[in-house]
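FYI, side chains are in, hydrogens and waters are out, and symmetry mates aren't considered; it's all heavy atoms of this structure. Each chain gets a letter, A, B and so on, in the order the sequences are listed, and its residues count up from 1.
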Protein chains: 2
Amino acid sequence: MKFIIRNRSILLYGASLAVLLLIMKWLEWRLIIIDHTFELYAGAVAVLFTALGIWLSNKLTRPKTNTIIVEKEVVVEAGDFILNEVELTRLGLTSREMEVLQSIADGLSNQQIAERLFLSLNTIKTHSSKLFEKLEVQRRTQAVEKARKLKIIP
Amino acid sequence: MKFIIRNRSILLYGASLAVLLLIMKWLEWRLIIIDHTFELYAGAVAVLFTALGIWLSNKLTRPKTNTIIVEKEVVVEAGDFILNEVELTRLGLTSREMEVLQSIADGLSNQQIAERLFLSLNTIKTHSSKLFEKLEVQRRTQAVEKARKLKIIP
DNA sequence: TTTTGCCTCATACTTTAGTATGATTTTAAT
DNA sequence: ATTAAAATCATACTAAAGTATGAGGCAAAA
């Protein structure tokens, strides 16, 4: 039963064909029209079945879909600082040295850093000196530059 | 097997055609229709133009366009520096001061900057002093910090 | 033409930064 | 318990950075 419902188009097509031919036969037998109307018949059949074909095609073939995938670029914030822990461990910076480095990057003077970390000025100097050694730089500005490049500070 | 399932519509169509021809044959025998070329011709025309209709339909119907917008994340590298010209003009930094600022941000010493720009050390000091005044800072590290924050250097 | 802003440089000075060395203490690992 | 690394601080020194002031040249604007 399901089969009939699902394929009723095709069955209808077959039925209509049969009906048409029956009509043709009947006409042929009834009116004995053979001569001139033959071409007309053929034309009518052609037109009719072309239309039928178009209708069938529309009914049966699943609708064509051209799927156009448009890639929309979504800009992701680049402000995602990911600490390069590889470099950090490679350099062997201690926690105090990191604090000092961060403070230097914040633009603080040694004196200010000392006050911030509750240490003496000399201690800051010692830390920064060792820091510069490990970073292989000579000045605090260079240290900031390099640290930024190595992604160990934002 | 897959072929059969996928093309069952076409196969059914063929089958119905065959059935139709059988019916025609039966009619021919039953009604004693001598001239059977007409039926054959009409059938052929029907089939042909049905096929033409299907083909035409397929050719002429415009495919539905399914536009799928895929959001593609684009991670913008750190190279997305856009110079804040508003701030720059507001601060009134001269070209030389900008060059010095950039050099300072590169981690160069005043001596190195002097050599890079073919100027004397004192000139660099003068420039940097005026630069710090305009940026309202006291040290070169602070200048770099602020300039970066104001987006006047990368 | 005069003014103005910019660039250049110098001298003199102060402040900050950075180096070298050594000592003590804390902390963590062997 | 011993060792090693880290952290703290000090002294002494050098180097670099930063300030203040003035002056000459130069090009564009008033």
Side-chain angles (χ1 to χ4, degrees), chain A residues 83-150 152-153, chain B residues 83-150 152-153:
Chain A
L83 198 139
N84 189 345
E85 293 181 64
V86 184
E87 275 297 330
L88 215 159
T89 51
R90 196 182 67 79
L91 292 167
L93 298 186
T94 70
S95 57
R96 270 311 199 200
E97 283 160 2
M98 275 302 293
E99 286 180 292
V100 171
L101 173 59
Q102 188 56 66
S103 295
I104 288 174
D106 290 343
L108 301 187
S109 68
N110 285 341
Q111 186 59 55
Q112 288 172 316
I113 298 169
E115 282 159 17
R116 176 192 272 195
L117 303 179
F118 306 106
L119 297 173
S120 85
L121 174 60
N122 285 309
T123 305
I124 303 303
K125 284 187 176 182
T126 308
H127 284 318
S128 57
S129 260
K130 291 208 166 185
L131 175 65
F132 299 158
E133 258 182 54
K134 289 178 181 177
L135 282 174
E136 296 173 297
V137 297
Q138 284 75 48
R139 275 170 296 285
R140 63 221 275 92
T141 45
Q142 280 185 330
V144 173
E145 241 288 292
K146 189 152 190 179
R148 246 186 259 276
K149 202 171 281 173
L150 294 178
I152 59 180
I153 54 168
Chain B
L83 199 139
N84 188 344
E85 294 181 64
V86 183
E87 273 299 328
L88 216 159
T89 50
R90 195 183 65 80
L91 292 168
L93 297 187
T94 69
S95 57
R96 271 309 199 199
E97 283 160 1
M98 275 302 293
E99 285 181 292
V100 171
L101 172 59
Q102 187 56 67
S103 295
I104 287 173
D106 290 344
L108 300 187
S109 68
N110 286 340
Q111 186 57 57
Q112 287 172 317
I113 298 170
E115 282 159 17
R116 175 192 271 196
L117 302 180
F118 305 105
L119 298 173
S120 84
L121 174 61
N122 285 311
T123 306
I124 303 303
K125 283 187 177 183
T126 308
H127 283 317
S128 57
S129 260
K130 292 208 165 183
L131 175 64
F132 298 157
E133 259 183 55
K134 289 179 182 177
L135 282 176
E136 296 174 299
V137 295
Q138 284 74 47
R139 275 169 296 285
R140 63 221 276 88
T141 44
Q142 280 185 329
V144 173
E145 243 289 291
K146 189 151 190 178
R148 246 186 258 277
K149 203 171 281 173
L150 295 177
I152 60 179
I153 54 167

Calculate the interatomic distance between [X] atom [atom1] and [N] atom [atom2]; express it in whole Å.
| X | N | atom1 | atom2 | answer |
| --- | --- | --- | --- | --- |
| E136(A) | dG18(C) | CD | P | 17 Å |
| L93(B) | dC7(C) | CG | C1' | 15 Å |
| R96(A) | dT27(C) | CZ | P | 12 Å |
| E97(B) | dC7(C) | CD | P | 6 Å |

message: Measuring from atom CZ of R139(A) to atom CZ of F132(A), what distance do you get when rounded to the nearest 0.5 angstrom?
response: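 Here the rounded value is 9.5 Å.
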Please check this pair: side chain of [X] against backbone of [Y], looking for a donor-acceptor N/O pair closer than 3.5 Å.
| X | Y | result |
| --- | --- | --- |
| K125(B) | N110(B) | no |
| Q142(A) | Q138(A) | yes |
| K146(A) | V137(A) | no |
| K130(B) | E97(B) | no |

Quick check: closest heavy atoms across [X] and [Y], and the distance to 0.1 Å?
| X | Y | value |
| --- | --- | --- |
| E87(B) | I152(B) | CB-CG2, 4.2 Å |
| S128(B) | I104(B) | CB-CD1, 4.3 Å |
| A147(B) | L101(B) | CB-CD2, 3.8 Å |

Among Q102(A), R116(A), E115(A), find the one that has a side-chain contact (heavy atoms from CB on, under 4.5 Å) with L108(A).
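Of the listed options, the one satisfying the test is R116(A).
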Reference residue V100(A); test side-chain contact (heavy atoms from CB on, under 4.5 Å); the match among T123(A), T126(A), L117(A)
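By the side-chain contact (heavy atoms from CB on, under 4.5 Å) criterion, V100(A) pairs with just one of T123(A), T126(A), L117(A): L117(A).
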- request: Using a 4.0 Å heavy-atom cut-off across all strands, classify S128(A) as base, sugar-phosphate, or nothing.
  value: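 Contact class for S128(A): none.
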- Where does the chain A footprint on DNA chain D start and end, counting 5' to 3' with a 4.0 Å heavy-atom cut-off?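 That gives a stretch of dA6(D) to dA17(D).
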Residues in residues 137-148 of chain B with a heavy atom under 4.0 Å of DNA chain D, by number, are Q138(B), R139(B), R140(B)
Fill in: Sub-4.0 Å heavy-atom contacts from residues 104-123 of chain B onto DNA chain D, ordered by number
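By residue number: S109(B), N110(B).
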Mapping K134(B) and S129(A) to their closest nucleotides on DNA chain C, which lands nearer the 5' end?
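Closer to the 5' end of DNA chain C: K134(B).
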**Asked** Between E99(A) and R96(A), is there a side-chain N and carboxylate O pair less than 4.0 Å apart?
**Response**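 Salt bridge between E99(A) and R96(A), a charged N being under 4.0 Å from a carboxylate O: yes.
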Would you say T94(B) places a side-chain N or O within less than 4.0 Å of OP1 or OP2 belonging to dC6(C)?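 Looking at the OP1 and OP2 atoms of dC6(C), neither is under 4.0 Å from any side-chain N or O of T94(B).
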